[in-house]
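Just so you know, ligand 1 is whichever comes first in the structure, and atom 1 is the first atom listed for that ligand. Note that the structure is predicted; figures quoted are calculated from it, not measured.
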Amino acid sequence: MSERDDRVAWALPARGVPADRVLDEIRALRSADRPTHGGRLFAYVYDPAVPGLDDLAMSAHALSAHVNGLDPTAFPSLLAMENVLVGAAASVLGGGPDTSAPDVVGSVTGGGTESLILAVKAARDARPEVSVPRLVIPVSAHAAFAKAAHYLGVALDLVPVSAVTLRPDPADVAAAIGPDTVLVACSAPSYAHGVVDPVPEIAAVAAAAGVRCHVDACFGGWTLPYLRRLGVEGPAFDFSVPGVTSISVDLHKYAYCPKGVSVLLHRDAALRAPQYFAFADWPGYTMINPVISSTRSGGPIAAAYATLRHIGDDGYLALAGQTLDAVRGLAAAVTKVDGLWLMAEPESTVVAFTSTDPALDLFVLADELTARGWHTQPQMAYGDLPASIHLTVTAAVAPRVAEFGPALQAAAATAREHGPVRLPDEVLALLGSLAPEQLSPELVEGLAGGLGLAIGGAEPGAGTGAAPLPDRSALVNTVLNVAPPRMRERLLIEFVGLLQRPTYG
Ligand SMILES: Cc1ncc(COP(=O)(O)O)c(C=O)c1O
């Protein structure tokens with residue numbers, strides 16, 4: 001066998017590898033990942049720490065993994081489970097069987113981004129006469145709206161948020177609405193800071209202009225209703241609010257389902273109709289897709305069905321109570337550290353804080369927390385808003401809260417000792433002199449080299465194909481923080497492009 005054949009033989013072995021060994025390989029790869037369980041990772045994962053739930057969800061996933069959502073008449077099991085998920089979401093969010101509630105309908109999508117793209121598509125396609133449709137959102141809305149606008153050829157009108165309340169002024173939203181606006185959207189709550197927008201006022205100005213209003217409750221749609229039942233006050237945000245025409249809620253977030261399931265709800269079937277795509281003008285089957293994907297695995301849907309029914313309403317209420325305790329405990333721990341300030345009093349399940357002390361660099365602090373086994377999410381400065389650290393809080397965090405306070409104190413003390421990150425002058429000069437479109441993979445590799453970071457430099461070894469990433473992120477975050485948004489985007493596109501290289505051997 002030639003050398004080249006040997007290398008290819010790793011990615012696609014000439015002869016099949018025994019099951020045990022393949023699983024060992026995956027376990028070895030997984031050991032480099034952040035911990036998905038245990039309440040020490042404050043982003044990406046949602047862990048209720050309910051005993052046995054993972055096993056149940058995985059069994060349900062396996063039962064339906066090969067079922068195809070492409071055709072609901074061929075696989076009625078999937079249609080039945082999807083309708084249950086939509087019914088559950090509708091009843092949590094002000095729809096439901098009650099005759100006084102609106103006749104809410106919906107679809108199960110693969111995630112929050114897909115739900116938002118489809119909300120924008122439905123709004124765009126409901127107004128075919130508008131040649132350049134426009135979407136009005138607060139700057140605090142999730143980046144997935146920008147992606148939707150980009151994919152769908154919709155123009156984006158951004159409304160500022162107050163640096164104090166982190167919310168948009170409904171009067172500014174009203175002013176941004178024009179004749180070509182097809183959709184207004186807001187968040188309940190925003191991902192970055194966890195604040196709930198003034199939904200009733202925003203929905204009212206949208207309705208007054210005859211425009212649809214989408215509430216992005218992807219993050220909080222499954223916790224806010226339970227937090228309200230536990231006495232946490234805040235604006236109404238569901239279908240009880242006149243003018244709200246659609247709501248998205250991710251089941252793979254606070255409904256604690258395995259990844260790949262979100263629900264997009266519409267107030268009525270007529271509003272949903274333009275979300276669908278059908279195509280008969282080819283020699284194959286007539287394609288009818290409610291969502292973006294055509295072939296869809298039944299696995300995530302069955303896993304979500306099992307999770308919702310197993311946890312149940314009382315279970316979600318108890319989990320929301322645990323999460324609320326954790327949020328309050330973490331927020332108290334933050335306020336005890338000199339120089340750290342909450343971006344907002346927590347009103348959902350996010351704790352976001354900033355540093356007002358130049359000697360306490362947030363990005364160094366984040367690295368110090370990582371070194372102590374706590375994984376947070378640094379957020380860059382944006383406009384008037386300072387850089388911050390984001391904590392997505394889930395029920396699994398509750399038993400850890402008492403350990404977090406001392407860890408944060410210790411991390412802050414060490415971060416002060418290190419002092420803030422200082423970027424080399426030549427790096428600052430390079431960033432200042434380059435236009436975003438001039439960035440090339442070579443320049444990014446050079447920039448990384450100048451910072452002493454190796455990106456994707458080491459060959460992934462057989463069976464350990466994890467791409468090497470810098471150990472300490474403060475330098476990278478500082479570069480991103482000083483770079484304007486367009487430059488940040490380009491830097492990360494090139495950076496991820498360097499990581500995504502085929503592995504042969
Ligand atoms: C408010 C909000 N909307 C949309 C999304 C996008 O969801 P996904 O990552 O599932 O596509 C997120 C994800 O965090 C979110 O928090």
Please tabulate, for the side chains in residues 233-243, all donor-acceptor contacts under 3.5 angstrom to protein atoms that are two or more places apart in sequence or on a different chain.
residue: Asp238; atom: OD1; partner: Ser240; partner atom: N; Å: 2.9
residue: Asp238; atom: OD1; partner: Ser240; partner atom: OG; Å: 2.5

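- Considering Phe42, Tyr44, Tyr191 in turn, Tyr191 is the only one that fulfils the ring pair (Phe, Tyr, Trp, His ring centres under 6.0 Å) rule with His390.
- With sequence neighbours excluded, no residue satisfies side-chain hydrogen bond (donor to acceptor under 3.5 Å, both in side chains) with Thr36.
- Residues that satisfy the side-chain hydrogen bond (donor to acceptor under 3.5 Å, both in side chains) test with Tyr276, not counting sequence neighbours, are Arg272.
- In this structure the side chain of Pro168 reaches within 4.5 angstrom of the side chain of Ile202, judged on heavy atoms.
- Under 3.5 Å, the side chains of Asn68 and Thr295 contain a donor-acceptor pair of N or O atoms.
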Could you list each N/O atom of ligand 1 together with any protein N/O atom closer than 3.5 Å, one pair per line with the distance?
residue: ligand 1; atom: 3 (N); partner: Asp216; partner atom: OD1; Å: 3.2
residue: ligand 1; atom: 3 (N); partner: Asp216; partner atom: OD2; Å: 2.7
residue: ligand 1; atom: 7 (O); partner: Asp250; partner atom: OD2; Å: 3.4
residue: ligand 1; atom: 7 (O); partner: Lys253; partner atom: NZ; Å: 3.0
residue: ligand 1; atom: 10 (O); partner: Gly112; partner atom: N; Å: 2.9
residue: ligand 1; atom: 10 (O); partner: Asp250; partner atom: OD2; Å: 3.4
residue: ligand 1; atom: 10 (O); partner: His252; partner atom: NE2; Å: 2.9
residue: ligand 1; atom: 10 (O); partner: Lys253; partner atom: NZ; Å: 3.2
residue: ligand 1; atom: 11 (O); partner: Gly112; partner atom: N; Å: 3.4
residue: ligand 1; atom: 11 (O); partner: Thr113; partner atom: N; Å: 2.7
residue: ligand 1; atom: 11 (O); partner: Thr113; partner atom: OG1; Å: 2.5

